[in-house]
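Here's the structure we're looking at; comments come further down.
Lettering of chains follows the sequences in order, A, B, ..., and the numbering in each one begins at 1.
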Amino acid sequence: MYENLNSMQREAVFQTEGPVLILAGAGSGKTRVLTHRTAYLIEEKGVNPYNIMAITFTNKAAGEMRERIDEQVGYGAESIWVSTFHSTCVRILRRHIDRLGFDNNFTIYDSDDQKTLMKDICKRLEIDTKIYKEKTFLNAISSAKDELLDPITFALQATGDYTKQKQATVYREYQDALKRNNALDFDDLIFKTVELLKTDGEVLDYYQERFRYIMVDEYQDTNTAQFELIRLLASKYKNLCVVGDDDQSIYKFRGANIYNILNFEKHFPEARVIKLEQNYRSTQTILDAANGVIKNNQGRKEKALWTENPQGEKIDFQQFETAYEEADYIARDIQKKVQSGDYTYKDCAVLYRTNAQSRLLEERFVVSNIPYKIVGGVNFYARKEIKDLLCYLKTIDNARDDLAVRRIINVPKRGIGATTLARVQEYANQEDISFYNALRAADEITTLGKAAAKIRPFVLFIQTMRSKVEYLSVQELLEEVIEQTGYVKELEAEDTEESKARMENIDELISKTAAYQEKCEEEGTPATLSGFLEEVALIADIDSLDENQDYVVLMTLHSAKGLEFPQVYLSGMEDGLFPSYMSIVSDDSVAELEEERRLAYVGITRAKQLLTITCAKQRMIRGETQYSKVSRFVREIPRELLTGAVRQEKVKKMPQQETYMQAKKTFSAKPFAMPKLGKDLPKAGSVEELGYGEGDRVKHIKFGEGTVKGIVSGGRDFEVTVDFDKVGTKKMFASFAKLKKI
DNA sequence: AAGACCGAGCTTTTT
DNA sequence: GCTCGGTCTT
C-alpha cells in the first residue's frame, strides 16, 4: 500500500509524531500523502480514528478528502473529523457558545447581512457614509478579527488616529448588534472559537484530548486567527501536520498570513520539514513555464519542482485585437478538441482574473452551444428570492435575528412601511426587547394606530409555523411558507423571464431541503431546521462543481486553486488586468505583484496536458475601452515554450445581440444542465426520434399526463413545453423528461 | 406606502 | 455597461 509512494511522500506518511511541515509543490500528490498518512495512523500506529482531525478551506476539498479517506481506511473512517475551518468552528460553538453568553442556536450572517447591519449602525451613529464607507468599516473589522483584535484592543491601538477611533466605535457597536441579534459573522466563527478555547480550560482540554492528530491542508492560506486555533488545539500533543505551498499563497487580501508557513519552524522548533518536489500532474513544458514565472519572486522557500512526465506540447499563445475574438477563439478551440473526440467538455477550464470577464465568454459559449458552468459571481444563496425564503425560515428558527425579520416583514407586500417599522423599533429599544418581540406586542404600541392590524396576521403566521417546527420536515416547512405567503404565486403572476428564473431557483431550494433530509438519514443524524440553515450558510459556489457532469468550467484563478484540468485556458493575460492595475500602482506594488505572480503560477500549474494563453489588445472594462500590452507574466515564460506568437486575426462577426438573447432565453436559468455521464446521452437527432410531437398527449413520471404545446430545438437537445393537467405548463429538456406518448 | 426614475460607483480576488 | 440605492411622485 505504501510502495507506490515516492521516498519523500513515504517519509511524510511515516512521520506521524510531532509537528511536521510538508511543503507540497503543485501537483505533487499531497492529498495522497494525507490520506495514506491517515490510514497509516490507524492501521500501523493503532490511533483511534476518533482522535484524528483534517481541516481544509472549502467544503469541496473536505468532501474529496473524506471520500478518499473512506476508500483508503475501511473501518472507522466515519469517525475521523474532516471538515472546513468554518464548519469545525460552528460545530464547536453550537455546543459551547453559551459559555460566552450567546444562545447555542445563533445565526450566521453572510456579507449581505453584514452590510445591512452596518448601514443600520452608521445611521444610528449619524456617520456620513459618503465620507466613511460601510464597506471600509467592514473591511477594517474583518481584518481586526483575522488578527484577533477585539474592539477594546482595537480602540487602544487607535489612539491619535481619528479614522481608526471611529472604526473602533463602529466595531464595538457592530459586535453589540450582532450579540443582540444572536448572530455571528464569518470571521466571528473563528474568532469566537479561539476566544472560547482561550477562556475556558475545560472546553480546551476536551478538544485537545479529542484531536490528538491534526492535519491542515492549504496551510499557506491560514490567517492569524486560524493559526491560533490550530496552535491551541495542537499544543498538548503537538501532533500537527500542515501541508502547503508558499508559492500558492493567494489570499493575502483575506488576511492570509504567509508567515504562518514561512516561519513554521520558528513556531515549532522541533518541526520536521519535508519537501514534495516531484510533480505528477503536468508536462515538462507546463512546469518549465510555471518555474520561469515563479522564480521572479523573492523570499520564497527554495523548491525545485521536477517531473518524469513527457515534454508535451508547447503552450499555445494567442494575442487578439479584441476580447470578442479572444472569446471566440477559445470557444472554437474547445469545440474543435471535443469534436475530434480526444477530449470532453469537462476536460476544459477557462480561467480569468476577474469575474466580469465571464460574460463575454458566456455569450460565445451560448452561441456555440457549448455546455458550461460558471463558478463564482452571485452565490445561489445570495439571490433575492432564496434569501427571502431563508429569512422566513431563520425567523421561525431564531426570533432574535432582527435582520431576518425586517427583511421579510413586508415581502410579499403587506402594507407595512418604513414609518411603521421605525415605530416598532422605537418601542423595541424602549422596552429593550427584540424587534420580533415588539411586533408580537404590536397592540401595546400606541403610536401604531391602524398599522397594528397589518402586523397581527404576520405574527400569527410565524407563531403557527413555530409550533410546527417539531413535527414538519424542513421541506414541508419551506413549502408551507411558500404556500402561505403566496411568494411563488406572485412570481407566477409576474410572468417574466426573470420571475421564471426565480421560480426555478426556488424549486432548486426545495430540492436542497430534500437532499439535506436524505443526507441526514444516511448519516443517521437528525434533520433539523437549524441544521439546514447552518449548512446553507457555509456553502461556497465552488462546492457545487460536479466532476460527473460534462461541461466546460469557467472561473477565476482564485477559485481554480486545488483543481486540475487536461486543457486550461488562461484568458485576459494583459498588463493592467492581470497583473491588475491596482497591484501595479499600489504603494506596496512589489509585494502585490508577487501575490499576482503566485496567482499566475497557480493558473499555469492547473494544466495537465495543454495550456493555452490568450489576451486581447483592446477590451471593454467598466464601459470604457482599454488598450493593453501582453502581461509581464507571459514575458517571463521562456520564449521557446510558446507557439502562436502574436497573431493578427481578421475581426470576426460580432454575435448578433438578438441571436444571443434568443439562445439564452431557450436555456434560461440553468443553461445546459447535462445528464450524468454513464447514462446514455441522447443525441440531438431529429424531432421524429422523440416519438411525440406538438399536440400529442404525453405522460411524465412526476407531473402526470399533459399535452405537448411546443418543441424547440436547442441544438444538442429539444426543449419541450407541456401543459400538464395537474401542475400546469412546464418547460423541460427532452433528454431529461423521458416523456412517453399515450 | 408603492412604484418610477436617476445617479453613483463599481471590478481584484472570497471562506 | 450594469447594478444598486436613494429620492421623487402618486
Side-chain angles (χ1 to χ4, degrees), chain A residues 55-62 83-90 108-112 114-116 119 123 129-130 133-135 138-139 142 145-146 184-191 217-218 221-223 225-226 249-256 323 351-360 375-379 381-382 384 409-422 450-451 454 537-543 555-562 572 576-586 592-593 595-596 598-600 602-603 619-626 657:
Chain A
I55 291 200
T56 63
F57 273 84
T58 65
N59 293 300
K60 185 176 156 59
S83 92
T84 66
F85 270 101
H86 290 86
S87 23
T88 297
C89 289
V90 172
I108 301 166
Y109 277 2
D110 65 16
S111 49
D112 225 53
Q114 288 179 282
K115 216 173 152 199
T116 314
K119 265 169 88 178
K123 210 174 210 169
T129 52
K130 289 247 163 58
K133 298 233 167 50
E134 290 102 327
K135 223 177 120 187
L138 284 170
N139 283 335
S142 175
K145 288 178 181 174
D146 287 347
L184 300 183
D185 66 18
F186 277 121
D187 303 313
D188 280 336
L189 295 176
I190 317 282
F191 186 101
D217 195 13
E218 305 282 11
D221 291 327
T222 51
N223 61 34
Q226 287 159 337
S249 163
I250 53 173
Y251 283 110
K252 187 161 161 245
F253 71 94
R254 210 169 65 189
L351 311 182
Y352 35 77
R353 182 63 179 68
T354 68
N355 276 310
Q357 287 164 257
S358 67
R359 238 201 92 200
L360 229 48
V375 175
V378 191
N379 188 328
Y381 293 100
K384 183 186 176 300
I409 183 145
N410 204 27
V411 178
K413 304 246 175 326
R414 295 188 176 87
I416 301 169
T419 326
T420 310
L421 293 186
K450 289 178 299 197
K454 292 174 177 165
L538 296 176
I539 284 180
D541 208 42
I542 190 80
D543 300 332
M555 65 190 147
T556 62
L557 288 147
H558 282 87
S559 304
K561 200 186 60 171
L577 186 63
F578 186 30
S580 77
Y581 179 71
M582 298 296 274
S583 66
I584 296 172
V585 299
S586 153
E592 295 213 5
L593 278 172
E595 173 117 344
E596 296 274 310
R598 289 193 288 271
L599 196 52
V602 167
R619 124 174 15 243
M620 283 273 247
I621 295 173
R622 284 207 252 153
E624 265 175 302
T625 306
Q626 300 263 315
Q657 198 60 20

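Rounded to whole Å, atom C1' of B:dT12 lies 15 Å from atom CG of A:Leu351. Rounded to an integer number of Å, the gap from A:Glu134 CD to B:dG9 P is 12 Å. If you take CD1 of A:Ile250 and C1' of B:dT12, they are 12 Å apart, rounded to a whole angstrom.
Here the side chain of A:Glu596 pairs a donor or acceptor atom with the backbone of A:Ser580 at under 3.5 angstrom. A side-chain donor-acceptor contact under 3.5 Å links A:Asn410 to the backbone of A:Gly415. Remark: side-chain polar atoms of A:Arg598 are paired, donor with acceptor, to backbone N or O of A:Ser249 under 3.5 angstrom.
Considering only side-chain N and O atoms, A:Asn355 lies under 4.0 angstrom from the phosphate OP1 or OP2 of B:dT13. Contact check, A:Thr419 against B:dA1: a side-chain N or O comes under 4.0 Å of OP1 or OP2. The phosphate of B:dT12 (OP1 or OP2) has no side-chain N or O of A:Thr556 nearer than 4.0 angstrom.
B:dT13 sits 15 Å from C:dC4 when the P atoms are compared, rounded to a whole Å.
Aromatic ring pairs are classed by plane angle as parallel below 30°, tilted from 30° to 60° and perpendicular above 60°; the pair A:His86 and A:Phe186 is perpendicular.
A heavy-atom distance below 4.5 Å is found between the side chains of A:His558 and A:Leu599.
Ring-to-base geometry does not place A:Phe253 in a stacked arrangement with B:dT14 (centre distance under 5.5 Å, plane angle under 30° required).
Read 5' to 3', the first and last nucleotides of DNA chain C with an atom closer than 4.0 Å to a heavy atom of chain A are C:dG1 to C:dG6.
Considering only the side chain of A:Lys413, B:dA2 comes nearest among B:dT12, B:dT11, B:dA2.
No contact: A:Lys454 has no heavy atom under 4.0 Å from any strand.
A donor and an acceptor atom, one from each side chain of A:Gln357 and A:Thr354, are located under 3.5 Å apart.
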